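Keep in mind that this is a model prediction, so the values were computed, not measured. Chain A is the first sequence line, chain B the second, and so forth, proteins listed ahead of strands; every chain is numbered from 1.
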Amino acid sequence: MISIYVRRKIQDPGVFKMLFLSLGLFVSIFLIGTMIIALVGGLGIKELLTDVFNKDLLLSPILIRYTVIISLISLALMINVASGFTNLGGEGQITLGMLGLLLASIYLPDLSIGLVISLLLIFIWQMIPYILKIYRDVSDVLTSFIMNFIALFMINHIVTYVFRGDIARPRSPPINEKLSLHYVSGDNFLSLLFSRVSIESIVTLLIFIILLYIVLLRHRIGYSIRMIGYSVKTASLSGVKIPIYMIISVMISSLLLSIASAEMLLGGERRIYYNDYAKIGMSSMSFGLGYTALGIALLSNGRSYLILIYSYLLSIGYMIVFTSYGYFRLILGTAVIGLSLLSALLTDLLLRYEVKISWSQRR
Amino acid sequence: MFIELDKINKFFGDYKALDNVSMYFRSGEIVSILGENGAGKTTLLNIVYGLYRPDSGIISIDGERLRYITPRYSINKGIFLVQQFPRLIETMTGLENLVLLLNERREDVRKLLDEYSDRFKIYVDYNKKVSDMTLIERQKLYTLMSLIQNAKMILLDEPNTLLTNDLEYINFLRRFSREHEGGVVICSHKIKAVLDISDRIYIMRRGRVLKEYRSVSKEYYDEILDIMFGHNSDTSTVYKSVEKSNRDEEISREFSKDLFKTKDLVVRDDIGAIDLSVKRGEIVSIVTIAGRGDKELFNVLAGLTHPLKGSIVYDGEDITKKPTYERISRGILYIPDNRLEIINPRYKIRELLGLWKINSSGVVCIDKMNVVYRSLESQISELSGGNITRLLISIILCTKPHLVISHNIFNGLDQRGYAHALKIIRDLRQERMSFLMILNDYEEALEISDRIYVLNEEGSKEISIEKARLEPKILWRELVS
């Protein structure tokens with residue numbers, strides 16, 4: 001008889017142990033998967049890897065861009081999760097952030113004004129489900145999910161009827177050039193790597209990885225935010241000023257999402273497109289970044305440094321999907337995304353739980 | 001049913017929680033395991049129920065020899081564990097929880113609950129939300145669930161208030177073992193209560209069984225105290241100092257103003273108005289039967305819910321509608337009876353101290369309360385129930401609030417911890433700190449209070465503490481009236 005015994009470990013594993021195991025798991029799963037695909041006759045593995053990893057660098061500019069964007073969204077959702085708000089509306093909020101930039105582009109063309117409007121729109125969109133959860137016990141999962149649809153349908157309506165920039169297809173006019181991010185220029189190694197992602201995004205990401213690590217795990221602000229996440233009643237009895245910490249956590253999350261939306265819009269085609277996926281019954285909304293980022297946020301368990309590595313692994317999958325020219329790559333890319341989440345899950349399981357598998361132990 | 005444990009050992013890291021423990025439990029008998037906090041009682045029950053696996057040793061159940069068992073196996077055999085903090089879904093009612101646990105239709109579960117309540121004479125308002133239930137009510141609900149599932153052996157982990165103050169439950173345990181041929185195993189540190197009810201007693205200390213009493217008599221009290229703690233002198237010394245400090249403070253208190261006051265406070269439809277007051281440097285208790293408005297009163301006093309009527313005045317200001325954090329920032333500290341409502345078990349001790357803005361002095365306070373912990377990086381879930389209570393009292397020591405409002409503050413403390421907590425509270429009282437204690441154990445209330453109120457269906461009523469100490473029956477009569 002097989003019996004599996006799982007028990008939570010009392011001690012927390014160290015940073016390096018977590019990173020090492022996570023990477024090790026991913027690489028081994030990825031290699032085994034690739035070998036199997038190659039053996040059963042999969043084509044273009046070599047070309048695919050070259051596309052993704054930019055020859056031998058493991059860090060192509062587009063891979064770095066995806067990693068930064070997914071990391072920013074995951075960090076934003078991580079602080080939501082820590083404060084007890086399971087935010088399923090990340091993508092809708094990013095689109096709202098883009099709307100903020102579009103409004104600024106039309107009426108007050110300035111990047112900082114655009115970012116402020118984005119931040120406020122995202123803030124409002126996050127606060128509604130969060131307040132309903134804390135004060136009315138309404139499911140945050142449900143309300144943030146519904147709010148996601150509302151945002152996406154609203155943006156579709158706006159780019160179709162209100163601010164349509166093209167007669168042929170529903171999409172916004174291009175964003176004013178005054179709203180631009182800054183990129184590394186020149187012919188050096190850095191510009192080769194960071195040519196597709198803005199300095200603003202990289203700096204924000206690095207600052208917030210360190211800041212959130214300190215704040216969430218080492219500072220009273222973080223203890224208070226996490227206490228709300230554990231239980232509103234416990235937080236109240238511990239003297240936590242719940243409204244203040246709700247605002248702080250949502251503010252940080254909104255800021256990160258507004259930077260992510262600026263990166264996606266201004267570093268891409270500079271137009272908001274009609275979102276074909278925002279139809280009830282479709283399997284996903286836009287590219288599914290919000291949900292995968294939420295997966296990373298949940299698995300990182302408040303450890304911001306893990307976000308970077310999980311996002312990097314996931315980005316590999318996304319790159320394969322986005323640069324796909326056939327179903328094989330699409331399937332492989334999706335499989336890699338799955339593998340990344342699986343390796344994150346296994347890391348979490350192996351490091352924080354004691355697992356024993358035994359055979360016929362009974363006498 | 002016959003359960004035998006043979007040379008059970010259990011390690012947590014380097015720490016030996018159980019050291020060659022051998023015991024047996026059988027149907028028709030109430031067996032108690034006495035020991036101080038951290039003696040290994042809960043670990044032992046968890047092994048018998050299958051939550052932990054022993055590192056070595058044999059568990060025999062009705063002759064079947066096993067190296068370990070699983071909770072599913074235990075349930076199939078009719079072994080049930082009623083935990084100190086039963087794990088139920090807080091946002092659901094008791095009935096809804098049981099619908100989920102028993103996987104039966106709502107109406108069927110309701111019928112079963114009514115039937116078993118009548119048969120075993122244990123009553124719980126199962127339509128209440130679990131978050132509104134006291135620990136005692138949760139333990140009773142779990143007991144009922146066990147009975148519905150045909151329990152043959154009930155393991156009770158620290159049912160302290162049930163044993164000391166709930167006659168209904170005590171009678172149930174006696175009937176269950178004698179009339180229904182069921183077995184009961186009680187883990188506790190309440191020596192007097194255990195002596196009243198048990199057929200056999202094991203004494204544990206630091207993971208080892210020190211003695212087995214095959215017959216039980218109240219005369220063993222001092223001897224048991226000695227075995228449990230090594231000596232009992234500190235306990236009596238504390239009691240004497242408590243009495244002395246009572247007399248010293250009496251005169252100054254008479255002239256001080258009320259620090260805290262409730263006026264016509266109604267917390268539940270079926271309970272009358274509550275009028276009580278607390279002066280600076282005073283310890284006031286309000287004694288209730290569990291589930292008769294104690295939880296609701298605590299929630300209202302803490303600002304977690306609004307009263308149906310009436311007002312609360314603190315330091316001359318009406319705080320009835322003030323949120324909890326504002327009350328705390330004005331110097332009130334709240335301790336609920338369920339410790340998990342004020343402590344996140346996944347927090348490290350360092351994080352908990354940080355949350356309460358306690359700096360390096362925290363270690364001094366924790367040491368003063370004799371909290372047993374590995375390091376400040378230890379998770380709170382590592383601590384035993386008694387140690388968590390000590391940790392909470394050390395927060396009082398460090399933060400020095402003006403008023404502490406608590407619900408069963410001594411929950412989980414063993415005899416030594418209780419005596420020590422009494423001393424600390426008395427010392428804090430000398431520093432003009434006030435305490436309002438909602439207690440289900442009237443003996444505790446008599447021991448510690450300067451003034452005492454009783455809460456029954458008619459509302460609150462102040463009882464003369466001197467009379468009540470001479471004749472505790474007065475208190476009991478008022479409680480059940």
*Heavy-atom donor-acceptor pair, B:Tyr347 side chain to A:Met227 backbone, under 3.5 Å*: yes

[atom1]-[atom2] distance between [X] and [Y], expressed to the nearest 0.5 angstrom:
X	Y	atom1	atom2	answer
B:Arg339	A:Thr234	CZ	OG1	13.0 Å
A:Leu237	B:Ile328	CG	CD1	6.0 Å
A:Ile228	B:Asn344	CD1	CG	12.5 Å
A:Ser238	B:Ile395	OG	CD1	8.0 Å

_Evaluation steps, side chain to side chain contact (heavy atoms under 4.5 Å, CB included), between B:Arg350 and A:Tyr223_ = CA-CA 10 Å; B:Arg350 170 181 55 78; A:Tyr223 306 153; 3.0 Å; yes

*Pick from A:Ile242, A:Asp137, A:Leu217: which one has the most heavy-atom pairs with chain B under 4.5 Å?*
A:Leu217

*Cationic N near anionic O, under 4.0 Å, B:Glu351 to A:Arg226*: yes

*Can you check whether A:Val240 reaches B:Leu355 side chain to side chain, under 4.5 Å on heavy atoms?*
yes

*Check whether A:Ser231 gets within reach of chain B through its side chain, its backbone, both or neither, counting any heavy atom under 4.5 Å.*
neither

_Report which part of A:Ile221 has an atom under 4.5 Å of a heavy atom belonging to chain B: side chain, backbone, both, or neither._
neither

Residue [X] versus chain A: region with a heavy atom under 4.5 Å:
X	value
B:Leu304	side chain
B:Ile343	backbone
B:Thr91	side chain

*asked:* How close do B:Tyr325 and A:Gly239 get, counting heavy atoms only, and between which atoms?
replied: CB-O, 3.7 Å

